[in-house]
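Everything below concerns the one structure shown next.
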2 protein chains.
Amino acid sequence: MRLTQHTDYGLRLLMYVALKNGQRCTIREAAESFAISRNHLMKIANLLQHHGVLNATRGKGGGLQLAKPANTLRLGDLVQTLEPDMALAECLGENNQCVVTSQCLLIGVLSDALHEFLRTLNQYTLEDICVPKQSELRSLLQIELVTAE
Amino acid sequence: MRLTQHTDYGLRLLMYVALKNGQRCTIREAAESFAISRNHLMKIANLLQHHGVLNATRGKGGGLQLAKPANTLRLGDLVQTLEPDMALAECLGENNQCVVTSQCLLIGVLSDALHEFLRTLNQYTLEDICVPKQSELRSLLQIELVTAE
DNA sequence: AAATAAGATGCATATAATATACATCTTATT
DNA sequence: AATAAGATGTATATTATATGCATCTTATTT
Ligand code: SF4
Ligand code: SF4
């Protein structure tokens, strides 16, 4: 059982954007800071923008910003948005061929556990995983905030 | 996020064996009842035997039996045994290259959620997902118990 | 208007994980 | 010796995932 790299990259990107404190950041910049594929991150940014989590503006001076305050973005919801597929077992996805589906008691147990997993994640927001260590994280990611004048 | 088919097949096999009520069953028989790959199921049976969940005896009249009572086999433990890998994110597996690992607060949140997932599964045993629907399941799987004489 | 800097999109490819098949070996029973 | 079962190792197929590339659109600046 693992989350796709896609999902983790998405969360990393959101952490990056949140750590910029409202200042726009480009995808290129985030990809370089994390030393990960820019192309890949592009698609993730796009997905998050379509889901109303990120605002993306094109053109010179453009970039990404959070579409909502970091303390309203719950991690369980973000994981559900980012994961391509949360079908734990065959019967929970498409093309189910399992012969015991109609009477299987395991389905409910698995759904229950998945629910607890997401519920636990939803006890935390993007803010919770950024703010307490913001200076350390900014340093690791070489984020320098431009001070207003 | 999904469990491998491997894991679900393992649980199906255990359900099958449990529904036989102590009577031996062959892997072939279980594979046919579920209409799934016999070769695949063989490896799973072997894994479970090595982990002390199943007893396997070879030769004519041989087959599988539960190594422990069904009500002592907790689903969370079984899933952990069957899943090849529970590393939710890059940093929880091998070859981690994530640059923020040393300060990342997400790791703890993910571990927490995984723990809740397994804890929830461990509230149920193999017995819990078999006995309440045993006759219906036996019928779907064409299991006919030989009555003692 | 042109140049440039950004994201958007679609297609192709590479890689890795997973599932499946096949062949052969071992063990136990009859 | 024959047969029925599981054990094991290797090879292959399939699928999911990750990555790369080319082109397009949008916005800003000059
Ligand atoms: S065994 Fe139960 S949980 Fe697994 S695929 Fe079949 S119906 Fe779903
Ligand atoms: S971002 Fe955090 S959780 Fe994700 S791989 Fe890096 S250290 Fe692990």
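No experiment lies behind these values; they were computed from the predicted model shown. Convention: sequence-line order gives letters A, B, ...; per-chain numbering from 1.
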Subject >> B/Val131 with B/Leu137, same ILVMFWY side-chain cluster at under 4.5 Å >> reply: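 Each belongs to a different hydrophobic cluster.
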Original post:
Linking I/L/V/M/F/W/Y whenever any side-chain heavy atoms sit under 4.5 Å apart, do A/Leu47 and A/Met42 land together?
Top reply: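 In one cluster: yes.
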Original post:
Whole Å only: how far is the CG atom of B/Asp85 from the P atom of C/dA19?
Top reply: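 Taking atom P of C/dA19 as the reference, CG of B/Asp85 is at 13 Å.
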Subject >> B/Asn95 CG to C/dT15 P, straight-line distance once rounded to whole Å >> reply: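 My rounded result for the distance is 16 Å.
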Subject >> Within 6.0 Å of CZ in B/Arg119, more than 12 heavy atoms from elsewhere >> reply: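 Atom CZ in B/Arg119 is packed in, count exceeds 12.
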Subject >> Under 3.5 Å on both distances, the Watson-Crick or G-U partner of C/dT30 >> reply: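 Partner of C/dT30: D/dA1.
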**OP:** Any strand is fair game: report the nucleotide pairing with C/dC11 by Watson-Crick or G-U wobble, both distances under 3.5 Å, or none.
**Re:**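 Answer to the pairing question: D/dG20, which forms a Watson-Crick or G-U pair with C/dC11.
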Subject >> Start and end of chain A contact along DNA chain D [non-hydrogen atoms, under 4.0 Å] >> reply: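 First and last nucleotides in contact are D/dT17 to D/dT28.
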Original post:
Between A/Arg58 and A/Gly61, which has a closest nucleotide on DNA chain D that is more 5'?
Top reply: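 Per heavy-atom nearest nucleotide, the more 5' residue is A/Arg58.
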Original post:
Counting only N and O atoms by type, is there a donor-acceptor contact under 3.5 Å from the side chain of A/Arg138 to the main-chain atoms of A/Leu19?
Top reply: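 Yes, A/Arg138 side chain to A/Leu19 backbone: donor-acceptor pair under 3.5 Å.
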Original post:
Do the side chains of B/Leu141 and B/Met15 get nearer than 4.5 Å, heavy atoms only?
Top reply: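 The answer is no; the side chains never approach within 4.5 Å.
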**OP:** Compare all side-chain heavy atoms of B/Leu121 with those of B/Leu78 and state whether any distance is below 4.5 angstrom.
**Re:**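 Contact flag for B/Leu121/B/Leu78 side chains = no.
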**OP:** Enter the distance from A/Leu75:CG to A/Ile129:CD1 here, rounded to the nearest 0.5 Å.
**Re:**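 Separation between the atoms: 5.0 Å.
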Original post:
About how many Å separate CG of B/Leu88 and CE of B/Met1, when rounded to the nearest 0.5 Å?
Top reply: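 That separation rounds to 7.5 Å.
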Original post:
How do B/Thr4 and A/Thr26 order along DNA chain C: which one's closest nucleotide is nearer the 5' end?
Top reply: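 Nearer the 5' end of the strand: A/Thr26.
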**OP:** With A/Arg74 as reference, evaluate A/Thr72, A/Asn71, A/Asp77 under the side chain to side chain donor-acceptor pair (under 3.5 Å) test and give the passing residue.
**Re:**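 Going through the options one by one, the only one that passes is A/Asp77.
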Subject >> Contact list for DNA chain D against residues 6-19 of chain B - heavy-atom distance below 4.0 Å >> reply: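 Of all residues in residues 6-19 of chain B, none places a heavy atom under 4.0 Å from DNA chain D.
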Original post:
Heavy atom of residues 37-55 of chain A under 4.0 Å from DNA chain D: which residues?
Top reply: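 Of all residues in residues 37-55 of chain A, the ones placing a heavy atom under 4.0 Å from DNA chain D are A/Ser37, A/Asn39, A/His40, A/Lys43.
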Original post:
Parallel, tilted or perpendicular: which fits the ring planes of A/His40 and A/His6, with parallel below 30° and perpendicular above 60°?
Top reply: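 The rings of A/His40 and A/His6 sit tilted, inter-plane angle from 30° to 60°.
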**OP:** Check the side chains of A/Ser33 and A/Gln142 for a donor-acceptor pair under 3.5 angstrom, ignoring hydrogens and angles.
**Re:**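 Side chains of A/Gln142 and A/Ser33: no pair found under 3.5 Å.
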Original post:
Is the phosphate of C/dT20, meaning OP1 or OP2, less than 4.0 Å from a side-chain N or O of B/Gln5?
Top reply: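 For C/dT20, OP1 or OP2 has a side-chain N or O of B/Gln5 closer than 4.0 Å.
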